[in-house]
Amino acid sequence: MMLEVLRDIGRRLLREIKPGPPSVSEEALPRGAAGDATHPLDTKAEEIIIRGLEASGLPLSVISEEAGFVELNGGGGRRVLVDPVDGSRNAAAGIPFYCTSIAVSDGKALRGVELAYILNLANGDEFWAEKGGGAFKNGERIATQRDDILRLVAFDAHVPGREIPRLMPLLSQTRKARCLGSTALALAYLAAGGASVFVVPSLSRSFDFAAGWLLVREAGGIFTDTEGRDLGGVEAGLEHITTILASANAALHNKALDLLGRKS
């Protein structure tokens with residue numbers, strides 16, 4: 001039932017969310033609950049999502065990037081982690097790589113995530129995963145890359161001057177490297193076999209990657225921090241708390257950990 005609620009929200013988002021003309025302005029905007037600048041697109045998407053979740057009639061505790069903590073239908077029940085538009089700067093610049101990310105958890109820690117939904121708002125690609133039920137893209141079951149070749153490494157660098165040098169031992173060994181600008185969507189395409197490794201050396205918030213965490217794992221991948229530590233106990237909240245290393249399989253993950261441990 002909850003998956004259909006999320007897919008219905010996704011259909012509404014695709015109908016109503018349209019980015020405006022490209023703009024690379026750095027003009028200060030109001031800050032959301034997570035501390036990031038809020039774009040009009042974020043606010044509109046969040047309103048659609050919260051309305052859709054409320055209309056389900058289910059008691060939910062929502063944690064969203066813009067609004068913070070919101071109790072719906074009496075609150076309690078499952079915890080829903082929402083990033084209305086992950087990749088807002090891409091959307092604002094007219095770059096078609098941004099998404100909505102929603103994760104549903106039966107507890108306060110990441111290990112409680114039981115349903116993941118990621119929607120590419122630019123082209124309609126729809127990803128979901130249910131704990132123990134596999135991962136899907138547009139209704140077709142997906143799996144991560146199976147061999148141990150570093151075909152494509154995706155990354156995000158919040159402070160490039162400091163973080164890219166740390167990534168260079170890994171980036172220098174891959175056939176292709178990409179900085180895509182949306183954590184959730186990069187993880188979704190990794191789950192579908194599009195990337196070998198995705199790494200974020202800066203601290204990320206759990207709602208940025210909670211849905212991707214389940215998608216990658218259900219598709220056969222590995223997901224830890226950049227030191228190889230399990231993230232199942234990470235609390236689902238608004239704080240920047242952990243680095244990210246997701247790989248298509250154990251062999252690639254071990255290779256990435258080894259390379260990240262070397263000095264450039």
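Heavy-atom basis, side chains included; hydrogens, waters and symmetry copies ignored. Computed from a predicted structure; not experimentally measured.
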* For Ser247, the option from Leu257, Leu252, Val153 that meets side-chain contact (heavy atoms from CB on, under 4.5 Å) ->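 With Ser247 as partner, Leu257, Leu252, Val153 yield a single side-chain contact (heavy atoms from CB on, under 4.5 Å), made by Leu252.
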
* To do: Run through Ile241, Thr242, Leu245 and flag the one making a side-chain contact (heavy atoms from CB on, under 4.5 Å) with Leu231.
  => Thr242

* To do: Could I get the full list of side chain to side chain donor-acceptor pair (under 3.5 Å) partners for Arg51, not counting sequence neighbours?
  =>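 By the side chain to side chain donor-acceptor pair (under 3.5 Å) rule, Arg51 matches no residue at all.
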
* Residue from Lys108, Glu71, Arg79 passing side chain to side chain donor-acceptor pair (under 3.5 Å) with Ser61 ->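 With Ser61 as partner, Lys108, Glu71, Arg79 yield a single side chain to side chain donor-acceptor pair (under 3.5 Å), made by Glu71.
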
Going from [atom1] on [X] to [atom2] on [Y], what distance comes out if it is rounded to the nearest 0.5 angstrom?
X: Tyr189; Y: Asp125; atom1: OH; atom2: CG; answer: 3.5 Å
X: Thr183; Y: Asp83; atom1: OG1; atom2: CG; answer: 8.5 Å
X: Ile102; Y: Asp86; atom1: CD1; atom2: CG; answer: 12.0 Å
X: Leu185; Y: Leu190; atom1: CG; atom2: CG; answer: 11.5 Å

* To do: May I ask you to test the Leu238-Phe69 pair for a side-chain heavy-atom distance under 4.5 Å?
  =>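 Result no, sub-4.5 Å side-chain heavy-atom pair not found.
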
* Is there a side-chain contact between Thr100 and Tyr117 (heavy atoms, below 4.5 Å)? ->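 The answer is no; the side chains never approach within 4.5 Å.
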
* Asked: Does atom CZ of Arg151 have more than 12 heavy-atom neighbours from other groups under 6.0 Å away?
  ->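 It does: Arg151 CZ has more than 12 such atoms within range.
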
* Asked: Is Asn138 reaching over with its side chain to a backbone N or O of Glu126, donor-acceptor style, under 3.5 angstrom?
  ->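 Side chain of Asn138 to backbone of Glu126, a donor-acceptor pair under 3.5 Å: yes, one is there.
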
